[in-house]
A.B. asks: 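Sharing a structure below in structure tokens format, with a few things to ask.
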Amino acid sequence: MKDLIYLDNNATTKILDKVWDTMVPYFIQNYGNASSMHHSMGREANAAIEKARMQVAQALNCQAKEIFFNSGATEAINTVLKGIYKNYKSKGKHILTVKTEHKAVLTTLQELEKEGASVTYLDVDGSGKIKLTDLEDNITDETILVCIMAANNETGYIHPIAEIAAICNRKDTLYFCDATQYIGKIPLDLNHIPIDILCLSAHKIHGPKGIGALFLRRKSKPIQINPLIIGGGQENGFRAGTYNVPNIIGLGSAIAQMSLNLEKSEYITTLRVYLEESLSSIPEVYIHAKNTSRLPNTTSICFRHIHASELMTRCPQLALSSGSACVSGTRDPSHVLLAMGVTKEDALATVRFSLSIYSTMEEIETTIRLVRDAVTKIRENSPIWQLFQAGLIT
Ligand code: PLP
């Protein structure tokens, strides 16, 4: 592990030392149950949770009572999509989303379709962009929710969430934004962007795994969502289960350090530009969503006529991804790239590099050298590359 160059930060991130230090006492000293209000250890745990809730609210510029803790974005997505459908289907059964959403969204919506939901999956162009007129035209009186992520986990493409929120607001439709990849990389002010529902996950922002937060805006007409997990009535009855105190403290602490990440955004961009320019000098290489607004840390590169899996096997010193971490166990091409019109072959030849504040120029230089050598070697022995060189395939 020591020499591994970790460029898979959209899958998960290293916990910050400062975050870890805030968590440790809640495992071994203040290990009380935050619902045990009749003794000091429980009360202290409870106070620490409320502090973390405040830290999340401050980072997003919303109210603490609009924040609910859960196990992460997948749970939030399930809670919101299922909860909204259950409570609003008497008003309408239509949900609008985009073909390039995370599998947590698409799989949950497919389940809801079996129960009678009608889902529109908006098309994207070659860079992952939707047409805002398509969004507007597809919102009908039957539409109960628009679900569009802030930034794509595979390509880093950033949707115009302020415009999307404005359209939904104007059309009086709830807007749910999966901001799992966006938070910590781009500033977000919920006081200025009228997003109704938002989710985030601590492990993408140098916090612990298995903890996240859901923002539910307090509106004159309260948003109705049933809890997915019921039991002891924690989180005001919205999410039952004994509080994971150390993790909640870790989330609060990670989000409070977020400005550190944001300050380093320029540095990360510099590393990415260097990586992209250097790898682009390899023949038959292109970058997905290149000339659009993208997360500063993400680059998704197609090395044509090779298999991404072979490239990664040849570079065991590098931690990379062939797309979304959640699907990389399978050999299916990325649904995101296919939706963008990328061919199956090019999708399977695509590798994602996702950097972080821990990435260094030295690591990027080593990465460039290793990848360039691996691509050259793979192509030397590749009949497909020879056919391409001979002009027999494109
Ligand atoms: N949404 C996006 C955009 C993601 O990138 C991920 C994780 O990769 C998720 C949702 C799921 O997050 P979690 O790991 O917190 O369940």
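Counting starts at 1 for both ligands and their atoms, following the listed order.
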A.B. asks: I'd like to know if His203 contacts ligand 1, where contact means a heavy-atom distance under 4.0 Å to any ligand atom.
C.D. replies: yes
A.B. asks: Which pairs count as side chain to side chain donor-acceptor pair (under 3.5 Å) when at least one residue sits in residues 165-174, sequence neighbours excluded?
C.D. replies: Glu136-Arg170
A.B. asks: Among the heavy atoms of Lys209, does any lie under 4.0 Å from an atom of ligand 1?
C.D. replies: no
A.B. asks: Do Lys264's NZ or CZ and the ring of Tyr267 fall within the cation-pi criteria of under 6.0 Å and 45°?
C.D. replies: yes
A.B. asks: How about Glu154 and Ser300: does a side-chain donor come under 3.5 Å of a side-chain acceptor?
C.D. replies: no
A.B. asks: Pick, from Lys103, Glu154, Gln181, Glu101, the option with the minimum heavy-atom distance to atom 5 (O) of ligand 1.
C.D. replies: Gln181
A.B. asks: For Asn153, counting its heavy atoms only, list the atoms of ligand 1 lying under 4.0 Å from any of them.
C.D. replies: 3 (C), 5 (O)
A.B. asks: What atoms of ligand 1 come closer than 4.0 angstrom to any heavy atom of Ser201?
C.D. replies: 13 (P), 15 (O)
A.B. asks: Which part of Ala73 is near ligand 1, with near meaning a heavy atom under 4.0 Å away: side chain, backbone, both or neither?
C.D. replies: both
A.B. asks: Side chain or backbone, does Asn10 bring an N or O within less than 3.5 Å of an N or O on ligand 1?
C.D. replies: no
A.B. asks: Flag Glu75 as yes when one of its N or O atoms lies below 3.5 Å from any N or O atom of ligand 1, and as no otherwise.
C.D. replies: no
A.B. asks: At less than 4.0 angstrom from any non-hydrogen atom of Gly72, what atoms of ligand 1 do you find?
C.D. replies: 15 (O)
A.B. asks: Do any nitrogen or oxygen atoms of Ser71 lie less than 3.5 angstrom from nitrogen or oxygen atoms of ligand 1?
C.D. replies: no
A.B. asks: Give me each pair satisfying side chain to side chain donor-acceptor pair (under 3.5 Å) with a member in residues 181-210, each pair once, sequence neighbours excluded.
C.D. replies: Asn10-Lys185, Thr12-His203, Thr12-Lys209, Asn61-Asp189, Gln181-Lys185, Asp189-His192, Asp196-Lys219
A.B. asks: Do Glu380 and Lys377 meet the salt-bridge criterion of a basic N to acidic O distance under 4.0 Å?
C.D. replies: no
A.B. asks: Take atom CG of Asp21 as the centre, draw a 6.0 Å sphere, and report whether it contains more than 12 heavy atoms from other residues, nucleotides or ligands.
C.D. replies: yes
A.B. asks: Go through ligand 1 atom by atom and flag the ones less than 4.0 Å from a non-hydrogen atom of Met149.
C.D. replies: 3 (C)
A.B. asks: Please classify the Thr74 to ligand 1 contact at 4.0 Å (heavy-atom distances, strictly less than): side chain, backbone, both or neither.
C.D. replies: both
A.B. asks: Are Glu310 and Arg379 within salt-bridge range, i.e. N to O under 4.0 Å?
C.D. replies: no
A.B. asks: Taking the six-membered ring of Tyr358 as reference, does the cationic atom of Lys14 (NZ for Lys, CZ for Arg) lie under 6.0 Å from its centre and within 45° of its axis?
C.D. replies: yes
